[in-house]
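A short worksheet on the structure shown next.
One-based numbering, in listed order, for ligands and for the atoms of each. Quick note: numbers below take in every heavy atom, side chains included, and nothing from hydrogens, waters or symmetry partners. As the structure is a prediction and not an experimental result, all values here were calculated from the model.
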Amino acid sequence: MVVSLVFTNVTLTNGCMIEFVRVFHDEVKRMSQKYRNFIDGEWVDAMSGETFENRNPANWNEVIGTFPKSGKEDVDAAVKGAREAFDAWRLTPAPARGDILRRVGDIMSARKDELAKNMTREMGKVLDETKGDVQEGIDTAYYAATEGRRMFGHTVPSELPNKFNMSIRVPMGVAGIITPWNFPMAIPTWKIFPALVCGNCVVFKPASDTPLTATTFIEILLEAGVPPKVVNIVHGTGVGVGTPLINHPGIDLISFTGSSGVGKTISKAASDSLKRVSLELGGKNAQIVMNDADLELALEGVLWGAFGTTGQRCTATSRLILHEKVFDKFMDMLVSAAKNLKLGDGLKPETQVGPMINQDQVETVQGYVKIGREEGAKLALGGHPYKEGECANGWFHEPTIFTEVTPEMRIAKEEIFGPALSVLRIGSFDEAIKVLNNTRYGLSSSIYTADVNQAFRAMRDIEAGITYINGPTMGAEAHMPFGGVKETGNGHREGGWEVYEFYTETKTVFVDYSGKLQRAQIDNY
Ligand code: UN1
């Protein structure tokens, strides 16, 4: 691309000149960092030639790069490539597919710091957390690598003599993978590694807020030896890329993480073609603190759960259910600790809370602050966007705590996805469970108590896919199933052994070695 600058009769003052040089420099940098789709074995622009910018949420003036704004025609090309690659990939032995993923894990380990830095630049969370995000991907790679040597089926006795019965697992075809921006590496790995090791090809549509990590991830897959065409990445919006992907007849299964609203739309769209769909959706996770809890431990838990990742996790602690006997004491501890959390650029070591992903998310939180006030809740802390000092050009929001929240308020029931915590007062264990379950979501949950009987009752009675005892609501591990009940999902799990069921079909095989016709249910009784 050629940059031409024409000035006629313009006298620039010194200040203007500096500003001009800065803008010019930014422009050159922006244009030089142009990224592409990887479709049908080639790095290509969107067919329309359109692009979009990816900016740093801690400093909106920093452009990370430009990415293709793709459409249906790009999706068609990606699906075509993936379908062509499927036969050779499904016939590659699963342990060999797993070996490639082991190399992916090795490359990710070697590049962990660089991947984490770029991730912080494009989505804001602090460096320790982005390193954790990459580590979750590495752990998932090594787990997937060994899964290539398992993928167990069953052998069971036949009801007839001289007959052998088994079930085996076979790949399904092409998986459409749609991922969010809050875990730009971990969540794609949760989906793409099992898809690949099971023998499926992939068309990947990452969140448009985090296209850089996604692009680097594809580069790593190719470097490790995933054959071109087996993986494809198509950048763009949900409407431009996600919708054609979901509706494409060449896509056999969809895995999506995001909001319950979008999840329902996907589910409806996929029902016409009976595509298999895995949905990991919203949450309104709560931490219960009983009167016998270790309050210091519970404090650390809620601070991390509510304000880690700036509250932008589907497992974030959005409600604190606090026993009345420790209510005042714990609130004092909580507000004074949360007040001191340091907001800033996640690349700086002293930062504890990074920016929100974009202006829309700041406005969503602001919307809930208004709703909470109108409903009669009181702000114990925060409530405003934060624009001080180094945060002036980013999308920051103060840690916000609502008190005097009642179970029927919207701020007690709806997902906010930001640094906002609603505190509810309870007087007994039974009331705590009732309040916790009073939401249409059911992802994660937590209880702090020293009473082992209460802990076991909580494990049984809380309506959630995940329950932590004396730990915060976040902390998934790669080898454990992850997912939720109610409107958090549609029954599938990511992570651990269960996700491998999603990416394969069961084939039931009978081998009759009797040498004669044997009619099941007729010749045996
Ligand atoms: C998500 O926010 O979508 O357990 C997933 C956790 C994270 C996963 C969060 N490892 O909190």
Side-chain angles (χ1 to χ4, degrees), residues 108 115-116 119 123-126 128-141 143 177-194 206-207 209-210 213-214 255-263 266 278-287 300-319 353-354 356-357 361 364 415-421 441-446 464-490 492-496 498-499:
M108 285 170 66
L115 290 166
M119 196 191 295
M123 60 71 71
K125 66 186 176 187
V126 300
D128 269 351
E129 290 194 43
T130 50
K131 282 186 192 156
D133 191 319
V134 179
Q135 188 57 47
E136 204 162 322
I138 296 166
D139 298 338
T140 304
Y143 186 93
I177 304 288
I178 306 176
T179 57
W181 46 263
N182 65 336
F183 276 82
M185 183 61 89
I187 292 180
T189 69
W190 284 5
K191 298 175 190 297
I192 292 175
F193 291 164
D209 283 300
T210 48
T213 303
S255 180
F256 169 78
T257 297
S259 71
S260 292
V262 175
I266 292 177
S278 170
L279 301 171
E280 205 269 280
L281 309 172
K284 187 69 184 175
N285 316 296
Q287 174 178 318
E300 281 183 278
V302 72
L303 284 173
W304 169 232
F307 305 120
T309 327
T310 322
Q312 300 174 115
R313 285 199 196 204
C314 57
T315 51
T317 308
S318 190
R319 294 177 294 159
V353 181
M356 305 207 61
I357 188 69
Q361 280 303 122
T364 301
E415 182 171 52
I416 299 178
F417 224 68
L421 180 70
Y441 297 113
L443 181 55
S444 189
S445 56
S446 144
I466 305 166
T467 295
Y468 290 91
I469 308 297
N470 292 326
T473 57
M474 350 203 267
E477 297 184 24
H479 60 294
M480 293 294 285
F482 180 94
V485 303
K486 302 198 222 170
E487 290 190 25
T488 290
N490 60 346
H492 292 289
R493 290 291 179 271
E494 310 217 71
E498 291 205 7
V499 69

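When all heavy atoms of Gly418 and Gln312 are compared, the pair lying nearest together is CA-CG, 4.5 Å. The two atoms that bring Phe307 and Ala420 nearest to each other are CE2-N, 4.4 Å, heavy atoms only. Here the closest heavy-atom approach between residue Leu443 and residue Cys314 is recorded as CD2-O, 3.2 Å.
When each of Glu280, Glu494, Glu136 is tested with Trp190 by the rule side-chain hydrogen bond (donor to acceptor under 3.5 Å, both in side chains), just one qualifies, namely Glu136.
Protein heavy atom at the shortest distance from atom 8 (C) of ligand 1 is Trp190 CH2, 3.8 Å. The nearest protein atom to atom 4 (O) of ligand 1, hydrogens excluded, is given as Ala476 N, 2.6 Å; this is a heavy-atom distance. Annotation: atom 9 (C) of ligand 1 to nearest protein heavy atom, Phe183 CE1, 3.6 Å. Ranking the protein heavy atoms by distance from atom 1 (C) of ligand 1 puts Cys314 SG, 2.7 Å first.
In this structure, Leu421 and Thr317 have side chains that are in contact, with non-hydrogen atoms separated by less than 4.5 Å.
The distance criterion of under 3.5 Å between nitrogen or oxygen atoms is met by Gly475 with respect to ligand 1. For ligand 1, one of its N or O atoms has an N or O atom of Glu136 under 3.5 Å away. Remark: ligand 1 and Thr315 share an N or O pair separated by less than 3.5 Å (distance only, no angle test). Backbone and side-chain nitrogen or oxygen atoms of Arg313 are examined, and one is located within less than 3.5 angstrom of a nitrogen or oxygen of ligand 1. Residue Thr257 has no nitrogen or oxygen atom sitting less than 3.5 Å from a nitrogen or oxygen atom of ligand 1, judged on distance alone.
Side chains of Lys125 and Thr309: no donor on one and acceptor on the other come within 3.5 Å. At a cut-off of 3.5 Å, with distance as the only test, a side-chain donor of Lys191 or Thr257 sits close to an acceptor on the other residue.
Of all the heavy atoms of Thr309, none lies under 4.0 Å from any atom of ligand 1, so neither backbone nor side chain is involved. Heavy atoms of Thr473 found under 4.0 angstrom from ligand 1: none, in either backbone or side chain.
Of the inter-residue distances, the one linking Thr473 atom OG1 with Ile466 atom CD1 reads 9.0 Å to the nearest 0.5 angstrom. Remark: Thr189 OG1 to Asp133 CG distance equals 8.0 Å, nearest 0.5 Å.
Glu280 counts as a contact of ligand 1, since one of its heavy atoms falls under 4.0 Å from the ligand. In this structure, Ile187 has a heavy atom closer than 4.0 Å to ligand 1.
Close approach to Asn182 involves these atoms of ligand 1, each under 4.0 Å from a residue heavy atom: 1 (C), 2 (O), 3 (O).
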